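The structure displayed is predicted, hence computed values, not measured ones.
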Amino acid sequence: MIVGRPRSALVAVFLWVALWGAAAAQDPTGEAMALEALGLDSPQLVEPPAGPPIDGAELERRTQEVASLMRCPVCQGLSVADSPTDSALAMKEEVRGLLAAGYSDDQVLGYFERSYGEFIRLSPKPTGLNLLVWVAPILAILAGALLIAARMRSARPTGAGAAAASDPELDSYLERVRKEAGN
Amino acid sequence: MISTLGVGLILVALLICAIGVPVAFGAGARRSSRGLELSRRLAYLFGAVMVLANLVMEYALITHDFSVSYVAQVGSRATPLVISIVSLWSSLEGSILFWGLVLGGFTAAFAYLQRQGHEHYLAYSLGTLFAIGLFFTYLIAGPANPFAATPPPIPTDGPGPNPLLQNHLLMIIHPPMLYLGYVGMSVPFAMAVAALLRGQLGATWLKPLRNWLLVPTGFLTLGIMLGGWWSYEVLGWGGYWAWDPVENASFLPWLTAVAALHSAIVQQRRGSLKAWTTVLILITFLLTILGTFLTRSGVVNSVHSFTPSPIGPLFLGFLGICLVAVVILLALRVDTLVSEPSEDALFAREGAFLLNNLLLVAFTFTVLVGTLFPIVAEALRDVKVSVGEPYFNRMSVPICFGLLMLMGVGPALPWGQATSATIRRTLLTPLPAALVGLALAALLGGRDPSVLLTGAAAGYALWVTGARGTQAMRRRKGRGDSVARAARQSVLRSPRLLGAYIVHFGVIVTFVSIAVSSTFQSSEEAVLAPGQEFSIADYSLRFEEVVVEQKPHRLERKATLAVTDSGRDAGTLQPAINHYPTMREPIGTPDVRTSLTHDLYLTVMDIMADGRVGIRAIVTPAVLWIWIGVLIMTAGMGLCLVSSTPVGKAAG
Amino acid sequence: MNRVALVLGALFVVPLLIFLAISFRYDPRAIDSPLIGRPAPTFTLAGLDGSVHRLADSKGRPVVINFWATWCQPCIVEHPILQAGARRYSGRVDFVGIVYQDDPDLIRRFIAERGAWGPALLDPGSKVAIAYGVYGAPETFFLDANGTVVEKVAGLITPQTLDRILGELL
């Protein structure tokens with residue numbers, strides 16, 4: 001037990017520290033603030049990362065991949081990976097940071113999409129109306145293949161009466177004949 | 001004075017087209033040779049007047065006559081002479097005037113070269129060409145008039161053409177080649193329309209039709225390649241094709257034209273696919289108008305977009321009229337193009353041609369949907385979406401691979417029915433070459449199955465192309481001729497066959513180079529102080545100094561870097577940042593060291609106040625071979641235009 | 001009359017022409033912000049003088065956030081407009097400037113010459129710009145008293161637009 005003069009001194013010190021702490025906590029500028037983080041107040045991605053943190057060559061490779069799927073906002077059609085502009089470089093850094101923390105490609109793209117809109121994705125998400133771009137070419141090939149198959153089937157019964165394989169020399173002779181006959 | 005002269009000439013051209021349409025179509029309907037003769041004269045006149053009008057504009061540009069509005073727009077006393085000449089096509093109004101020149105030239109050339117025979121097709125063709133000319137001369141005379149007088153006060157100097165166009169010499173040839181290709185598609189279109197109107201597409205009209213389709217395709221091939229090469233050498237992002245909407249617009253008609261050329265071969269041999277070939281040619285022309293509309297209307301997000309102007313809706317109107325006219329024409333007349341009965345067999349060469357058409361048309365459809373989808377999405381969902389490189393690459397790689405395989409399998413197959421033993425033999429013979437290709441791909445470092453498969457397909461296709469291309473020659477040699485004589489005879493007797501295989505060879509080279517260059521590309525970035533160096537691949541790059549040079553039309557800030565290749569001195573490269581007085585942002589120019597195996601590509605990202613520079617270096621293998629491959633293709637197309645020497649003449 | 005050709009043709013041609021005609025209404029370069037109607041990303045950034053500004057402190061008042069730079073011509077043109085606006089709405093609306101990819105010394109010199117209309121906050125790494133989906137300078141975001149983004153104006157802002165939006169917010 002501490003009694004007498006040392007005890008009062010201790011209490012005084014304690015009170016002094018408590019008051020200083022309270023004052024510091026309410027201090028809106030200056031030294032106290034320098035300890036606070038600058039930037040966005042809350043992380044823009046509130047969900048947890050889908051995978052473990054990565055680094056090194058793997059990180060670089062995935063950064064390039066994701067950056068090449070994003071449109072550089074200040075360029076004409078270039079991807080973030082290809083663009084040397086400051087905006088693109090800043091975005092690439094952001095991508096790198098998010099991937100390093102373990103976020104998946106989809107999560108990173110989703111983050112940018114929430115700020116920039118669907119426009120930032122260079123490859124349209126295969127949902128809703130966008131399915132048209134993904135499905136239409138395949139449908140076209142199938143339709144074309146069916147058409148060719150149908151044409152093959154209908155042509156086959158005509159058998160052997162087809163035009164003879166053309167002979168270029170005969171053709172040019174015939175052409176001269178036709179010209180002379182006044183086509 | 002020049003303004004009045006120019007406007008006058010254009011009005012004369014407009015009048016010629018306006019008269020030409022009824023005269024030529026009438027001559028075709030009534031089979032009048034006098035009408036045809038008049039149409040021909042009008043065609044020559046149209047060509048001559050357009051040439052004169054363009055010469056007048058060139059004169060105004062060279063003498064810096066700022067009283068002409070187009071010169072006030074793009075002229076400048078500071079630009080070098082060559083750039084002044086080239087600025088004819090650097091901006092919208094001038095480029096439409098240039099379009100008129102190419103159209104007039106083709107119309108006159110067509111009327112002259114087809115003057116013998118085919119009278120009844122010819123009249124209808126000329127009528128169609130005059131109708132197209134009518135639209136363009138109207139545009140030049142009215143809404144997009146480059147000859148309009150500059151409103152006073154007349155400036156004493158101008159801003160000069162777009163700085164991007166002053167950066168490189170390739171820009172001088174790229175637009176003319178592209179226009180010769182694009183506008184040239186009007187001629188086969190006119191011929192196809194004539195065939196439909198006449199109700200006949202005989203072998204005698206097919207031959208010139210193929211030639212007149214081949215010529216613009218060749219120019220378009222060159223034009224697209226030059227655009228890619230220019231993009232690579234000038235724009236500084238290290239690539240040559242970005243699937244930009246305007247780039248796609250030039251690519252679409254190329255695809256359908258190539259499809260038409262192939263189905264025309266089937267038509268020539270078997271007499272079938274007449275209607276289909278005709279439809280393809282009509283679509284090719286329509287795609288050129290669509291492409292021009294997309295480029296000039298400002299409705300798509302593109303590097304190449306001209307500033308939106310009132311002629312956008314006019315082009316849409318013209319496109320609409322053309323589309324409706326073509327649909328009605330087909331609905332009414334396509335049944336007249338009756339094909340002779342055929343016996344297509346799935347495994348024979350005809351089937352390969354059909355597959356070729358299927359792939360090319362599917363490719364066209366895919367690129368078209370991708371390019372137009374942002375417009376559809378905005379209209380239906382009110383949201384802006386991007387359809388860019390990742391999408392197009394994903395879609396085009398399998399299709400191109402299919403085409404590569406087809407280039408091997410197709411020519412290997414015999415025409416008509418064949419026993420399965422023969423087919424098996426012809427398909428299996430090239431397999432060793434496929435294995436060699438696969439081995440080479442693996443040796444280069446490829447591990448991805450798609451890279452290895454591409455190597456195999458390329459090897460296979462190369463074998464078949466070489467075998468079929470030299471088949472006649474080897475047969476002659478086998479009969480006792482010397483190699484030289486056999487070769488010369490082959491070229492003289494069947495230039496088209498040889499040309500076709502040369503084109504295929506060029507395509508294979510291009511495909512493989514593109515695959516190699518995109519798979520094995522590497523890049524590095526660094527910030528360097530003077531004297532510092534960094535390395536990429538076998539190169540060591542040391543930054544020496546920044547050289548500042550003031551030219552009359554721009555300020556150049558060049559970063560000099562000393563290049564060392566595997567320890568040996570390899571000269572210097574000077575990527576630059578150019579400042580133009582009329583543009584806020586400077587434009588970077590890369591410097592490229594090209595060798596047969598690869599390119600070293602340097603760009604300046606940043607020149608900082610403390611003297612440091614940010615440099616980006618890219619090493620891309622086989623880039624040169626992409627351009628060479630396309631040049632081989634074009635040379636082959638040229639050979640295809642040569643007529644074979646008839647039997648009696650080729651005695652030596 | 002080949003009906004197949006007519007139907008196929010119409011099927012392709014009619015939608016194509018309709019879509020192309022509609023496309024004239026849209027500006028391919030104007031992109032809507034997905035943040036509209038959502039809470040604005042709050043931030044704590046340092047100004048040129050080292051003082052710290054917290055967006056959260058503005059709660060209860062509408063906020064105008066303007067991303068700008070000295071290399072951007074429209075930014076220079078709209079500077080006096082923002083100054084007038086800041087004066088007119090002083091005390092009722094907070095005007096906050098965020099520097100977009102520019103050199104702090106250039107900004108300092110600019111403000112010394114032409115005056116300020118609010119804090120000029122530094123955004124290292126453009127993180128706040130990215131969070132707001134900024135496509136270029138200038139871009140102005142309008143927040144209501146609850147901190148929700150109500151509108152974004154890309155490009156030069158006019159006094160009329162400023163008054164209209166702020167009039168609705170107050």
Side-chain angles (χ1 to χ4, degrees), chain B residues 196 245 275 278-279 282-283 286-287 289-290 293-294 297-302 305 308 310 312-313 315-317 319-337 365 368-369 372-386 583-586 608-609, chain C residues 1-38 68-77 100-109 126 133-139 152 154-156:
Chain B
L196 279 172
T278 310
V279 167
L282 295 171
I283 290 179
L286 291 171
L287 284 171
I289 301 298
L290 174 67
F293 164 73
L294 288 177
S297 61
V299 298
V300 286
N301 226 318
S302 163
S305 290
F315 260 107
L316 184 59
L319 177 63
I321 293 174
C322 291
L323 281 167
V324 170
V326 163
V327 170
I328 294 179
L329 186 62
L330 280 173
L332 290 173
R333 303 292 289 173
V334 75
D335 292 330
T336 58
L337 296 183
F365 183 68
L368 187 62
V369 168
L372 292 179
F373 186 69
I375 296 178
V376 173
E378 183 150 24
L380 294 179
R381 284 177 61 205
D382 206 19
V383 165
K384 284 207 161 56
V385 296
S386 301
M583 295 192 64
R584 176 168 49 83
E585 300 271 12
M608 301 173 201
Chain C
M1 168 73 93
N2 187 321
R3 297 202 189 276
V4 173
L6 200 59
V7 169
L8 269 180
L11 226 63
F12 270 115
V13 168
V14 172
L16 178 67
L17 288 175
I18 291 179
F19 279 120
L20 290 179
I22 295 180
S23 71
F24 279 113
R25 286 213 320 239
Y26 302 112
D27 176 7
R29 284 157 220 269
I31 301 149
D32 287 329
S33 170
L35 288 177
I36 292 181
R38 288 191 12 228
W68 65 285
T70 55
W71 47 258
C72 136
Q73 266 301 111
C75 304
I76 298 178
V77 173
Y100 182 70
Q101 291 167 10
D102 205 352
D103 183 352
D105 288 323
L106 292 173
I107 300 276
R108 209 167 272 133
R109 211 174 310 157
S126 298
V134 171
Y135 274 91
E139 276 189 17
K152 165 185 140 178
L156 180 68

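Partners of C:Arg38 according to the salt bridge (charged side-chain N to carboxylate O under 4.0 Å, His left out) rule, which considers only residues two or more places apart in sequence or in another chain, do not exist here. Listed by chain and number, the residues in a salt bridge (charged side-chain N to carboxylate O under 4.0 Å, His left out) with B:Asp335 amount to none (sequence neighbours excluded).
With a 4.5 angstrom heavy-atom cutoff, C:Leu16 touches chain B only via side-chain atoms. Both the backbone and the side chain of B:Pro313 have a heavy atom closer than 4.5 Å to some heavy atom of chain C.
For the options C:Gly9, C:Pro15, C:Ala5, C:Ser23, heavy-atom pairs under 4.5 Å to chain B are most numerous at C:Ser23. Chosen from B:Val334, B:Val376, B:Leu380, B:Leu332, the residue pairing most often with chain C at heavy-atom distances under 4.5 Å is B:Val376.
Considering all non-hydrogen atoms of both residues, B:Leu294 and C:Leu20 come closest at CD2-CD2, 4.4 Å. Among all heavy-atom pairs drawn from C:Phe19 and B:Ile375, the shortest one is O-CG2, 3.6 Å. Between B:Val327 and C:Ala10, the shortest heavy-atom contact is CG1-N, 4.4 Å.
Rounded to the nearest 0.5 Å, atoms CZ (C:Arg25) and CD (B:Glu378) are 9.0 Å apart. Note that CZ of C:Phe12 is 12.5 Å distant from CG of B:Leu286, once rounded to the nearest 0.5 Å.
Between C:Asn2 and B:Leu330 the shortest side-chain heavy-atom distance does not fall below 4.5 Å.
Proximity of the aromatic rings of C:Phe24 and B:Phe315 is defined here by a centroid distance below 6.0 angstrom, and this criterion is not met.
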